[in-house]
Number of protein chains: 2
Amino acid sequence: MPQRQKRDPLKMSETENSTAIPQDFDGLKAIILERKAQLPKRLRQVAAYALDNPDEIAFGTAASIATSADVQPSTLVRFAQHFGFEGFSSLQQIFRARLRERTPGYDERLRALSGNDHSKLESGSIFNGFVAAAHRSLDNIASSVEPEAFERAVNILADAETIYLVAKRRSYPISGYMAYAFGKLKVRYQMVGTAAGIDDDILAMAGSKDAAFAVSFSPYASESVNQAKLLASRKVPVVSLTDSAFSPLAESSKVWFELVEADHAGFRSLSASMAFAMALTVAVAEKRRRIAEEQAME
Amino acid sequence: MPQRQKRDPLKMSETENSTAIPQDFDGLKAIILERKAQLPKRLRQVAAYALDNPDEIAFGTAASIATSADVQPSTLVRFAQHFGFEGFSSLQQIFRARLRERTPGYDERLRALSGNDHSKLESGSIFNGFVAAAHRSLDNIASSVEPEAFERAVNILADAETIYLVAKRRSYPISGYMAYAFGKLKVRYQMVGTAAGIDDDILAMAGSKDAAFAVSFSPYASESVNQAKLLASRKVPVVSLTDSAFSPLAESSKVWFELVEADHAGFRSLSASMAFAMALTVAVAEKRRRIAEEQAME
DNA sequence: GGAATCGTGGAATGAATATTCTATTCTTCA
DNA sequence: TGAAGAATAGAATATTCATTCCACGATTCC
């Protein structure tokens with residue numbers, strides 16, 4: 001990095017007026033947060049980016065960071081000078097020092113997970129418990145979900161005109177999130193079971209060109225099971241996510257996944273299910289994009 | 001870093017003869033140690049320096065490192081090329097990546113993932129990516145959520161008569177799941193923003209004896225932000241979950257948590273958020289149970 | 001409402017950078 | 001010993017870099 005000659009000391013005093021130049025990352029973060037309200041538009045944009053992507057600042061070049069943050073390189077320099085630094089490079093040193101000081105040792109991780117500060121407080125152990133359970137759940141699906149089955153599920157859903165999402169109660173947030181993602185990805189979908197009463201009408205529109213994704217964990221919501229059955233009888237291919245090979249959903253499904261969320265104190269979170277749902281959603285969208293590309297080629 | 005045109009492929013094959021180019025720091029370290037004995041004098045000098053001062057390699061320039069290691073800059077380039085890299089810069093990336101990935105346990109998981117069957121199929125890599133991202137997210141919250149803040153949040157919500165849940169769009173599944181869990185746990189709650197139009201009426205019922213939990217990630221839904229502001233102005237304590245210190249939610253919140261979900265290919269799942277939400281929900285319910293017990297004793 | 005200050009975008013600039021090239025020194029084996 | 005090859009040092013080069021500068025909008029303040 002260029003180490004230019006120092007600026008005129010007299011001019012320096014103009015900028016470093018009120019507070020001292022921060023010497024470490026925490027100090028810098030504090031000052032940025034303190035002044036964030038008074039910062040001009042672009043500088044605030046840089047501030048937000050810097051605190052959200054400190055690693056990028058540490059390693060990137062002014063040009064690359066500027067592109068990522070959607071700002072001019074000169075804005076980065078102005079930002080640094082605004083906080084009393086000589087230029088962008090000296091600001092960058094703070095971000096680099098932050099990475100240097102961190103001990104990337106095995107010990108730290110171990111302490112963070114088992115014996116960290118959280119366990120000192122009463123609620124802390126609950127927090128730790130759920131984080132650990134989520135880790136276990138993820139380890140679980142990585143091994144229990146068969147790649148071939150996943151591939152088949154993606155193909156089924158990618159070929160569908162409309163994807164019907166069936167989920168109730170505990171599973172509902174999963175389909176809710178998929179609905180959100182499908183919407184963003186421009187994949188046509190239809191949620192089943194939002195408003196009471198009209199479900200049958202919605203399901204009546206489903207045909208063999210469509211597909212469905214059903215989620216239900218024990219104790220299985222009878223509605224979801226029945227709706228999956230109904231769809232299967234109408235030749236709509238069903239992909240399902242459930243927690244047991246004996247799930248009533250399995251019989252109605254062309255492909256189904258067994259996903260057991262690890263629990264903490266009897267409560268299960270949805271961490272692994274969410275990762276699975278997102279993977280499936282994106283994989284389907286990606287597959288569709290590729291199909292569309294191939295068709296455009298012809 | 002200068003990205004020159006590729007070298008002559010024929011000349012390339014001279015260098016990258018036997019083994020593949022290492023992709024991570026551990027692999028590089030192994031190869032260096034393996035070949036260290038056969039290395040020429042200056043290259044061995046560089047090898048020793050590199051393994052002893054990895055941070056210097058990560059942050060320094062070729063010139064500065066060369067001076068420290070008492071070597072010519074060109075020697076660094078030759079060293080990098082000796083191990084199959086295109087130049088010094090690409091070797092440096094390895095050292096930088098090492099600092100970026102703060103979690104040592106994560107490396108193993110990633111390698112375990114990329115080595116399993118999933119990577120053979122096209123959709124498999126997407127699946128792996130999201131599982132890995134979820135792991136990273138969980139590692140993140142374990143260190144970024146302060147136990148004291150968590151404790152305060154639990155206290156606020158446990159003392160509330162009714163808990164108002166504020167979330168839109170991407171965050172909606174989180175509050176949806178909390179609503180489900182609160183219902184099972186017999187904690188009085190009220191979702192905000194389900195049916196259009198009546199939100200203001202619902203919020204009008206909230207008072208200082210209640211509390212709110214708001215979730216919003218960038219790009220922040222203006223509705224959520226406004227509703228949190230409104231609640232705060234009505235003396236309703238607000239606990240919030242968001243992804244940046246710059247989140248507009250932070251201003252209105254008594255306690256707020258910064259939780260950045262790791263992304264895969266630009267898509268973020270909700271795995272860590274779900275674990276957090278569940279931990280908070282159960283911790284609140286647990287706290288309430290204890291309060292109720294204490295009152296019963298009197 | 002006009003002047004003045006501040007913030008911004010974008011091109012210009014020279015310093016610094018990684019890399020290549022070549023002359024020289026050091027090994028190695030006949 | 002002496003030639004052939006590898007390894008090295010150091011200058012040369014093209015590129016990239018952070019920074020500066022200036023013109024143009026946007027605010028703010030009389």
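Below, read A as the first sequence line, B as the second, and so on, with proteins coming before strands; counting in each chain starts at 1.
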**Q.** Distance, rounded to the nearest Å, where B/Lys41 contributes NZ and C/dT25 contributes P
**A.** 15 Å

Q) Atom CG of B/Leu91 and atom P of C/dA18: how far apart are they, to the nearest Å? A) 12 Å

Q: Respond yes when some side-chain nitrogen or oxygen of B/Gln81 is under 4.0 Å from OP1 or OP2 of C/dT20, and no when none is.
A: yes

Q: With sequence neighbours left out, write down each residue that passes side-chain hydrogen bond (donor to acceptor under 3.5 Å, both in side chains) with B/Thr75, or none if nothing qualifies.
A: B/Arg78

Q | Spacing of A/Gln93 atom CD relative to D/dA18 atom C1', expressed in whole Å | A | 13 Å

Q. Taking CZ from A/Arg96 and C1' from D/dA18, how many angstroms apart are they, rounded to a whole number?
A. 13 Å

Q) So which of residues 70-79 of chain A are in contact with DNA chain D, with a heavy-atom cut-off of under 4.0 Å? A) A/Pro73, A/Ser74, A/Val77

Q | Phosphate-side-chain proximity, B/Ser89 and C/dT19, N/O vs OP1/OP2 below 4.0 Å | A | yes

**Q.** Nearest-Å distance for atom pair CD1/C1', residues A/Ile65 and D/dT19
**A.** 14 Å

Q.
If the condition is ring pair (Phe, Tyr, Trp, His ring centres under 6.0 Å), which residues does B/Phe213 pass it with, not counting sequence neighbours?
A. none

**Q.** Trace of the side-chain hydrogen bond (donor to acceptor under 3.5 Å, both in side chains) decision for B/Ser269 with B/Ser271
**A.** CA-CA 6 Å; B/Ser269 81; B/Ser271 296; 3.1 Å; yes

Q.
How many whole angstroms separate atom CG of B/Leu43 from atom P of D/dA6?
A. 14 Å

Q | A/Phe79: partners by ring pair (Phe, Tyr, Trp, His ring centres under 6.0 Å), with sequence neighbours left out | A | A/Phe83

Q | Non-neighbouring partners of A/Tyr49 that pass ring pair (Phe, Tyr, Trp, His ring centres under 6.0 Å), sequence neighbours left out | A | none

**Q.** Residues which pass ring pair (Phe, Tyr, Trp, His ring centres under 6.0 Å) with B/Phe257, listed by chain and number, not counting sequence neighbours
**A.** B/Phe276

Q: Measure from the side chain of A/Pro40, starting at C-beta and using heavy atoms only, and say which of C/dA18, C/dG7, D/dT8 lies closest.
A: C/dG7

Q) Roughly, in whole Å, what's the span from CD in A/Gln38 to P in C/dG7? A) 11 Å

